[in-house]
Visitor: 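Below is one structure. I have some questions about it.
Ligands are counted one by one from 1 in listed order, and the atoms in each one are counted from 1 as well.
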Amino acid sequence: MLRTPICDLFRVEHPIISAPMAGSSGGELAAAVSAAGGLGMIGGSGPGPEWLREQIELVRRRTDRPFGVGFITSAPDTDQLMETALELRVPVIAHAFADPSPYIRAAADLDILTIVQVQSVELAREAANAGAAAIAAQGIEAGGHTGYTSGTLPLVPAVVDEVGDIPVVAAGGVADGRGLAAVLMLGAAGAWMGTRFVASEESISDPYAKEQIISHGADDFLLTRVYDIVNDAPFPEHVGERILRNRFTAAWHGREDEVSLRKAELARELAASLEAGDTSVRRVLAGNSAGMVRDILPAGEIVRRIVEDAEAILRSRPGELLG
Ligand SMILES: Cc1cc2nc3c(=O)[nH]c(=O)nc-3n(C[C@H](O)[C@H](O)[C@H](O)COP(=O)(O)O)c2cc1C
């Protein structure tokens, strides 16, 4: 059995956290991951407090195990959503993309643990000083919004060295047992996985997105700001969005200044194409780890397979390598 400090901290069996993913991880997915012994996270940003309340209640109907809610903290409705999460005493809350300090204090007053997702060593230091219980070190290969600075492989050990006893989980590029075993060797206390769980039966991503993930490879994703610019998305400058390459990114990625100048026109064109059912400009959020994802599975099965494979690797490889 794999045991790391996050198993004790979050009272879970396995060192696997399913990432909070707006538009993808609702209560069903979080509940399935938690029921299987991981820490399931609801992507709390997007539809609003009533939806969030329903998802939290749904998890509690499915399992009595710990779970969490994660926010896009830079979004304007975070205060309101946090009120719901605090009122319902969600055991774990995660923040990303904005200063989490006030939220960490409010959660700590209620004995709620906060994970902060960071994209650099500097942000990790700030999160540690602000009182984060754990830190998710997010590399550039991560699916969805992420930073431009560092890949998961160099970021994780650098953050581990920086934050002392605070457990660090690796976010970005982990989608199977090999990845989990690898990040544990880097000093991570677990993996925080998004793309693998998008392609689960329980995720609320549309079937088109799931199909695209399982049918594309590691080369097919890019980090871009073109949709964020057009959509006026609430993310800081240091963050872009990793998505599947498509006709819109082929036309506009690299021409961000022009996109900014023409954003009203491009927003109208995009809306019209999407309305007409044109999938060639549809935005599919996922990371390069999609290259390892070949099937849509029940989330509990994903957790079980990853843990089993990581354990097998960690038992067999040292003997093979060291002779
Ligand atoms: C579809 C999708 C939606 C995401 N939404 C969020 C979000 O709402 N909040 C957040 O902090 N991170 C979000 N992320 C990023 C994840 O938290 C995580 O860092 C990433 O998925 C890890 O990389 P991986 O996709 O290679 O596993 C999202 C990722 C994906 C794929």
Side-chain angles (χ1 to χ4, degrees), residues 16-26 29-30 33 38-47 52 55 68-75 77-78 81 92-98 100 103 114-119 123 127 135-147 150-153 155-156 168-176 178-180 182-183 188 190-200 203-206 208-210 212-213 216 218 220-221 223 227-228 233-236 239-244 282-293 299 302 306:
I16 289 184
I17 301 175
S18 61
M21 298 182 284
S24 189
S25 58
L29 175 54
V33 171
L39 183 71
M41 301 288 291
I42 297 169
S45 296
L52 179 58
Q55 302 309 304
V69 170
F71 297 114
I72 296 170
T73 310
S74 51
D77 57 351
T78 301
L81 296 167
V92 180
I93 295 179
H95 292 282
F97 315 126
Y103 300 116
T114 300
I115 309 176
V116 181
Q117 180 165 240
V118 302
Q119 297 76 38
L123 287 172
I135 291 174
Q138 188 191 34
I140 55 173
E141 58 273 68
H145 287 91
T146 189
S150 183
T152 304
L153 191 69
L155 183 62
V156 167
V168 175
V169 293
V174 182
D176 63 15
R178 294 172 295 183
L180 176 58
V183 298
W192 163 291
M193 281 175 253
T195 300
R196 176 58 273 196
F197 287 107
V198 176
S200 68
S203 96
I204 51 174
S205 290
D206 61 42
Y208 176 78
K210 297 185 189 185
Q212 294 303 301
I213 288 174
H216 282 88
D220 298 325
F221 299 83
L223 186 56
Y227 279 96
D228 281 353
F235 290 91
V239 162
E241 175 187 53
R242 188 166 295 280
I243 56 176
L244 181 63
R282 209 144 135 193
R283 192 170 138 255
V284 174
L285 279 75
N288 304 72
S289 62
M292 288 170 262
V293 180
I302 294 173
I306 292 177

Visitor: Under a 4.0 angstrom heavy-atom cut-off, which atoms of ligand 1 come close to Met193?
Guide: 27 (O)
Visitor: Run the numbers for me: atoms of ligand 1, each under 4.0 Å from some heavy atom of Trp192, listed by number.
Guide: 16 (C), 17 (O), 18 (C), 19 (O)
Visitor: Please determine if Met21 has a nitrogen or oxygen closer than 3.5 Å to a nitrogen or oxygen of ligand 1.
Guide: no
Visitor: Please classify the Ala96 to ligand 1 contact at 4.0 Å (heavy-atom distances, strictly less than): side chain, backbone, both or neither.
Guide: side chain
Visitor: Atoms of ligand 1 less than 4.0 Å from Gly172 heavy atoms?
Guide: 22 (C), 23 (O), 26 (O)
Visitor: Considering only heavy atoms of Gln117, which atoms of ligand 1 have at least one such atom less than 4.0 Å away?
Guide: 10 (C), 11 (O), 12 (N), 17 (O), 18 (C), 19 (O)
Visitor: Among all protein heavy atoms in this structure, tell me which lies nearest to atom 15 (C) of ligand 1, with the distance rounded to 0.1 Å.
Guide: Gly143 O, 3.3 Å
Visitor: Tell me which protein heavy atom sits closest to atom 21 (O) of ligand 1, plus the residue, atom name and distance to 0.1 Å.
Guide: Gly194 CA, 3.2 Å
Visitor: Report the part of Leu285 (side chain from C-beta onward, or backbone N, CA, C, O) that has a heavy atom under 4.0 Å from ligand 1; answer both or neither where that applies.
Guide: both
Visitor: What are the atoms of ligand 1, with element, lying closer than 4.0 Å to any heavy atom of Ala22?
Guide: 5 (N), 6 (C), 7 (C), 8 (O)
Visitor: I need the atoms of ligand 1 closer than 4.0 Å to a non-hydrogen atom of Ala19, numbered in the order shown.
Guide: 16 (C), 17 (O), 18 (C)
Visitor: Is it the side chain, the backbone, both or neither of Ser289 that has a heavy atom closer than 4.0 Å to ligand 1?
Guide: side chain
